[in-house]
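Here is the structure we will look at, set down as structure tokens.
Keep in mind the model is a prediction, meaning the values are calculated, not measured. First the proteins, then the strands, lettered A, B, ... as listed; each starts at 1.
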Amino acid sequence: MVRVRFAPSPTGALHIGGVRTALYNYLFARAHGGTFILRIEDTDSGRFVPGAEQYIVEALKWCGIVVDEGVSVGGPHAPYRQSERSEIYLKYATELVAKGDAYYAFDTAQELAALRARKEAAGEAFAYNFQIREKLRTSLTMSPGELEELLGNGTQYVIRYKMPKDEQIVMQDLIRGQVIVNSSTLDDKVLYKSMDHLPTYHLANIVDDHLMQITHVIRGEEWLPSLPLHYVLYRSLGWSDTQPQFAHLPLILKPDGKGKLSKRDGDKLGFAVFPLQWTPEVGDGARGFREDGFLPDAFINMLALLGWSPGGDREIMTMEDMVADFSLDKVSRSGARFDPDKARWINAEYLHHSSDAFLAEYLMPILREHHIEASVAYVEHVCSLVKERATLLTDLWDLSRFYFIAPTEYDQKVVAKFWKGDNPRHLARILEIVKAMDTIQEQTAQATIHDFITQEGLPMGGVMNTLRLSLVGANMGASCFAIMETLGQKESVQRIEQALKILPMNDN
RNA sequence: GGCCCAUUCGUCUAUCGGUUAGGACGUUAGAUUUUCAUUCUAGAAAGAGGGGUUCGACUCCCCUAUGGGCUACCA
């Protein structure tokens, strides 16, 4: 039975790299009939950000990623917030000390900083490891009595893992294959912190994954360097035989390929890097894909393709399609640059195939904000005319406003180009034809007016663009006749009359 | 600096030893269109470099280069 977890830290908004990790975990779980768990890793009390957890829950919901078990839905392994599980971890840390695989260290932050500074001054890297641990104030070199006294009088301590010396740690990664690291290059990581009396990520992660019976750990590549630590931790705890399998995902890079994508890139690109708008109580906010007009289905489709391909040429896929084809061995090994252009194109694909009813539902509230009364049927019809011109949901209003509001000003460039010579006079004659119609039907109106223009030998482009200018106020939109049919005869007549009244009749 | 990971068109990728190295975004040129879009057609565009292994390497191995990640009582 497959059990995977997405385990973010509530330190701010979840950026698209995190969402993609969640997505891959979710796809993997669904593909194997498994369980997708949401666990909050809030063991860094110093970086906790109020509202971040709620943001994560809402973001997953918007993406259509359904949590089976975890924070906000509960489950058999509750609680799923590590801060609420704090008493669990100390037990395992002290167990490791008892076994001799970990030890108490009493160095102060100042002492460590001094040590680090001295090493750096000598041009060497500082590592808290086998070479130095015997020379520091640790339980390794103390008498039992001395240790008991320090522990008893409340002296601050951390528990560090005693990384073995010169051992080849052989690991398996589902995406990268075998990875081997010599343990002497690793340091004695802190497992349990003195400051907030909470475990570090490494301990809490291993303990919870074990307790929650996680079968596969799918996480970002930034965790690969700590995989050896996790391996030896599982071994020390006696859990090697049930330890999960690991898959380290390639990173999502900045568009220029220089480094991991970050919040600042969003500002620089003028493009969202978060699923939802983020408005923290303090600090800077950030825009979201949702608010920028992306459809959730398009968003996850775009994200899924950043580092995974089903093989072959398929690109536009629903969540169900992706579940059916997802497998970790088709995840690529190299980092993927985020491409705003491709993201926009995918969204346009989804938008063009959205139903008019769905788009109208989005547009109606915007119309209400502009105090526009329109029937759902009318709005749906308008959506059918504008959607192929839209890339983002937010384009809809700009593309459709002239169907609801007569132009109050006219695009000067278009005026300069077409509202000249005899064109206004020709338009006045078109007006008479339109006036004579009871109703406007696209095909018949087109036939009638085109015939007139041809028979009178008038310039087709000049007349039609002038007509469009009077109707729309710009050189955009569907066929003039479709527009007139939508607007209705009365409104069409009014708009042509208004243009003839407002714009100068001729420039002779 | 040390350790680890990676490397196919500008970008995302397909290829799992034998292909004219395919697709998509973007881009260029056309067509369609009264406009803006859409759509369609065509084009340019890639295996980092050097060694091996092999009858044959983009594909396997090694070295170099380049890029990235990690190197906290952060995750």
Who passes side-chain hydrogen bond (donor to acceptor under 3.5 Å, both in side chains) against A/Tyr157, sequence neighbours left out? none
Selection residues 7-17 of chain A - residue pairs positive for side chain to side chain donor-acceptor pair (under 3.5 Å), sequence neighbours left out: none
Under 4.0 Å, heavy atoms only, any strand: does A/Gly220 hit a base, just the sugar-phosphate, or nothing? nothing
Report which part of the nucleic acid A/Thr43 touches: base, sugar-phosphate, or nothing (heavy-atom distance under 4.0 Å, all strands). sugar-phosphate
Phosphate oxygens OP1/OP2 of B/U66: is one of them under 4.0 Å from a side-chain N or O of A/Lys258? no
Close N/O contacts between protein and nucleotides 20-31 of chain B (under 3.5 Å):
from: B/A24; atom 1: O4'; to: A/Glu315; atom 2: OE1; distance (Å): 3.4
from: B/A24; atom 1: O2'; to: A/Glu315; atom 2: OE1; distance (Å): 2.5
from: B/A24; atom 1: O2'; to: A/Lys342; atom 2: NZ; distance (Å): 3.1
from: B/A24; atom 1: N3; to: A/Lys342; atom 2: NZ; distance (Å): 3.1
from: B/C25; atom 1: O2'; to: A/Lys342; atom 2: N; distance (Å): 3.4

Which residue lies toward the 5' end of RNA chain B, A/Lys260 or A/Leu306, if each is placed at its nearest nucleotide? A/Leu306
Using a heavy-atom cut-off of 4.0 Å across all strands, would you classify A/Arg344 as base, sugar-phosphate, or nothing? nothing
By side-chain hydrogen bond (donor to acceptor under 3.5 Å, both in side chains), which residues pair with A/Thr155, not counting sequence neighbours? A/Asn153
Output the single nucleotide from B/C3, B/U13, B/A72 whose closest atom is nearest the side chain of A/Arg116. B/A72
Taking distance alone, no hydrogens or angles, what donor-acceptor pairs closer than 3.5 Å link side-chain atoms of residues 251-261 of chain A to residues at least two apart or in another chain?
from: A/Lys254; atom 1: NZ; to: A/Asp265; atom 2: OD1; distance (Å): 3.2
from: A/Lys254; atom 1: NZ; to: A/Asp265; atom 2: OD2; distance (Å): 3.1
from: A/Asp256; atom 1: OD1; to: A/Lys258; atom 2: N; distance (Å): 2.8

Protein-nucleotide distance (A/Met484, atom CE; B/U34, atom C1'), rounded to Å: 12 Å
Tell me whether the OP1 or OP2 atom of B/U35 has a side-chain N or O from A/Lys417 closer than 4.0 Å. no
Grab the CZ-P distance between A/Phe402 and B/C36 for me, whole Å please. 14 Å
Taken to the nearest whole Å, NE2/A/His230 to P/B/C70 is 14 Å
Pairs involving residues 448-477 of chain A, ordered by first then second residue, that meet side chain to side chain donor-acceptor pair (under 3.5 Å) (sequence neighbours left out): A/Arg429-A/Glu456
So A/Ser479, base contact, sugar-phosphate only, or nothing? Heavy-atom distance under 4.0 Å. base
Can we say A/Asp325 and A/Arg314 salt-bridge, meaning some charged N sits less than 4.0 Å from an Asp/Glu carboxylate O? yes
Sugar-phosphate only, base, or nothing, as touched by A/Gly257 at under 4.0 Å among non-hydrogen atoms: sugar-phosphate
Contact string for nucleotides 40-47 of chain B, one letter per nucleotide 5' to 3', B = base within protein heavy-atom range under 4.0 Å, S = sugar-phosphate only, - = neither, reads --------
Quick one: is B/G68 close enough that its OP1 or OP2 comes under 4.0 Å of any side-chain N or O from A/Lys254? no
Out of B/U35, B/U11, B/U34, whichever nucleotide has its closest atom nearest the side chain of A/Arg337: B/U11
Enumerate the residue pairs fulfilling salt bridge (charged side-chain N to carboxylate O under 4.0 Å, His left out) with a member in residues 177-191 of chain A, sequence neighbours excluded, ordered by first and then second residue. A/Arg133-A/Asp188, A/Asp187-A/Lys189
CD-CG distance between A/Gln156 and A/Asp107, expressed to the nearest 0.5 angstrom: 12.5 Å
Can a side chain N or O of A/Thr200 be found less than 4.0 Å away from OP1 or OP2 on B/C73? no
Distance check needed: B/C36 P versus A/Ile483 CD1, whole Å only. 13 Å
If pairing requires Watson-Crick or G-U wobble contacts with both distances under 3.5 Å, which nucleotide is the partner of B/U7? B/A65
Between the protein and nucleotides 5-8 of chain B, which nitrogen or oxygen pairs are less than 3.5 angstrom apart?
from: B/C5; atom 1: O2'; to: A/Arg176; atom 2: NH1; distance (Å): 2.6
from: B/C5; atom 1: O2'; to: A/Glu221; atom 2: OE2; distance (Å): 2.8

By side-chain contact (heavy atoms from CB on, under 4.5 Å), A/Ser45 pairs with (sequence neighbours left out) A/Asp196
Starting from C1' on B/A72, measure out to CG on A/Leu191 and report it in whole angstrom. 14 Å
Salt bridge or not between A/Lys342 and A/Asp339? Use side-chain N to carboxylate O under 4.0 Å. no
Could you check how far CH2 of A/Trp223 sits from P of B/C70, rounded to whole Å? 9 Å
Using a cut-off of 4.0 Å on non-hydrogen atoms, how would the nucleic acid contact of A/Gly462 be classed: base, sugar-phosphate, or nothing? nothing
Is the shortest side-chain N to carboxylate O distance from A/Glu221 to A/Arg176 below 4.0 Å? yes
Go through the structure and list residues passing side-chain hydrogen bond (donor to acceptor under 3.5 Å, both in side chains) with A/Gln498, not counting sequence neighbours. A/Tyr410
Test of understanding: with side-chain hydrogen bond (donor to acceptor under 3.5 Å, both in side chains), list the residues that count as partners of A/Asp208, not counting sequence neighbours. A/Gln82, A/Arg85, A/Tyr89
